[in-house]
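All residue numbers refer to positions in the sequence shown, counting from 1. Quick note: numbers below take in every heavy atom, side chains included, and nothing from hydrogens, waters or symmetry partners. Here the structure is a predicted model, which is why all the values come from computation and not from measurement.
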Amino acid sequence: QVQLVESGGGLVQAGDSLRLSCAASGRTFSRYAMGWFRQAPGKEREFVAAIGRSGVSTYYADSVKGRFTISRGNTKNTVYLQMNSLKPEDTAVYYCAADSRVITTTSDYWGQGTQVTVSS
C-alpha cells in the first residue's frame with residue numbers, strides 16, 4: 001500500500017497564501033499522477049488540481065484557475081499546491097490523491113486531509 005500524508009493547512013485571512021504539501025510513502029515503485037481535491041462540510045468532494053506523471057500536464061478547476069498552482073517536488077511522488085489570494089469559499093479539507101494513470105474521484109490512493117480555513 002502507498003500512503004499519502006498532507007501538510008501545510010491552517011487558518012488564514014482572505015487574500016493570504018498557503019502551500020500544501022503531499023508526500024507518498026510505502027511501495028512507491030513508479031511515478032504517479034497526483035492531485036488535490038477538497039470537501040467542505042455537507043458538500044461533495046470536488047476536484048481542485050492535478051498533475052500528470054511527467055509533470056508536464058496540469059489541470060485546474062475553474063474556481064481556482066489563476067490562483068492555485070500545482071507542482072511536483074524533487075522527490076518522486078511528492079506534490080505541492082500553492083494557494084494564493086485565498087477566499088472564504090476555499091475553506092475545506094484538502095485531500096491529496098495519487099493514481100497510477102490519471103487523477104479522478106476514484107484515484108488509487110488518498111491522504112487523510114488537511115484543514116484549510118479562510119476567514120473574511
**Request:** Indicate, with yes or no, if Val118 and Tyr60 share a hydrophobic cluster defined by side-chain heavy-atom contacts under 4.5 Å among Ile, Leu, Val, Met, Phe, Trp and Tyr.
**Result:** yes

**Asked** If two hydrophobic side chains count as joined below 4.5 Å and joins carry through other members, does Phe37 share a cluster with Val116?
**Response** no

**Request:** First locate atom OG1 of Thr58, then atom CZ of Arg72, and finally report the distance between them rounded to the nearest 0.5 Å.
**Result:** 12.0 Å

**Fill in**
Correct closest heavy-atom pair for Val102 and Ser107 would be O-OG, 4.1 Å

**Request:** Count the heavy atoms belonging to other residues, nucleotides or ligands that lie under 6.0 Å from CD of Gln39, then report whether that count exceeds 12.
**Result:** yes

**Complete:** To the nearest 0.5 Å, atom OH of Tyr95 lies from atom CD of Glu46 at 12.5 Å

**Salt bridge Asp90-Lys87, side-chain N to carboxylate O under 4.0 Å** = no

**Message:** Atom CD of residue position Gln3 - does it have more than 12 heavy atoms of other residues, nucleotides or ligands inside 6.0 Å?
**Reply:** no

Name each donor-acceptor pair under 3.5 Å that joins a side chain in residues 8-22 to protein atoms two or more places apart or in another chain, with its distance.
unit_1, atom_1, unit_2, atom_2, d
Asp16, OD2, Gln13, N, 3.2
Ser17, OG, Asn84, OD1, 2.9

**Request:** Output the distance between atom CG (Asp108) and atom CD (Gln1), rounded to the nearest 0.5 Å.
**Result:** 9.5 Å

**Tyr109 and Tyr32 aromatic ring geometry - parallel, tilted or perpendicular at 30°/60° bounds** = perpendicular

**Prompt:** Considering all heavy atoms of both residues, which atom of Trp110 and which atom of Thr104 are nearest to each other, and what is their separation?
**Reply:** CZ2-O, 3.6 Å

**Request:** Indicate, with yes or no, if Val79 and Val2 share a hydrophobic cluster defined by side-chain heavy-atom contacts under 4.5 Å among Ile, Leu, Val, Met, Phe, Trp and Tyr.
**Result:** yes

**Request:** Check for a donor-acceptor pair, side chain of Glu6 on one end and backbone N or O of Cys96 on the other, with a separation under 3.5 Å.
**Result:** yes

**Request:** State the CD-CG distance between Gln112 and Leu4, to the nearest 0.5 angstrom.
**Result:** 9.5 Å

**Request:** Over all heavy atoms of both residues, which pair between Ala50 and Ile103 is shortest? Give the atoms and the distance, please.
**Result:** CB-CB, 3.9 Å

**Nearest non-hydrogen partners of Tyr80 and Gly73, listed with the distance** = CE1-CA, 3.5 Å

**Request:** Check whether any side-chain heavy atom of Met34 lies under 4.5 Å from a side-chain heavy atom of Asp99, and answer yes or no.
**Result:** no

**Item:** Single-linkage hydrophobic cluster, 4.5 Å side-chain cutoff, Leu81 and Val64 together
**Value:** yes

**Message:** Quick check for you: to the nearest 0.5 Å, what is the distance between Trp36 atom CH2 and Phe47 atom CZ?
**Reply:** 12.5 Å

**Request:** Start with the C-alpha gap between Arg38 and Thr91, add the side-chain angles, then the distance that decides, and say whether side-chain contact (heavy atoms from CB on, under 4.5 Å) holds.
**Result:** CA-CA 9 Å; Arg38 66 187 182 186; Thr91 296; over 6 Å; no

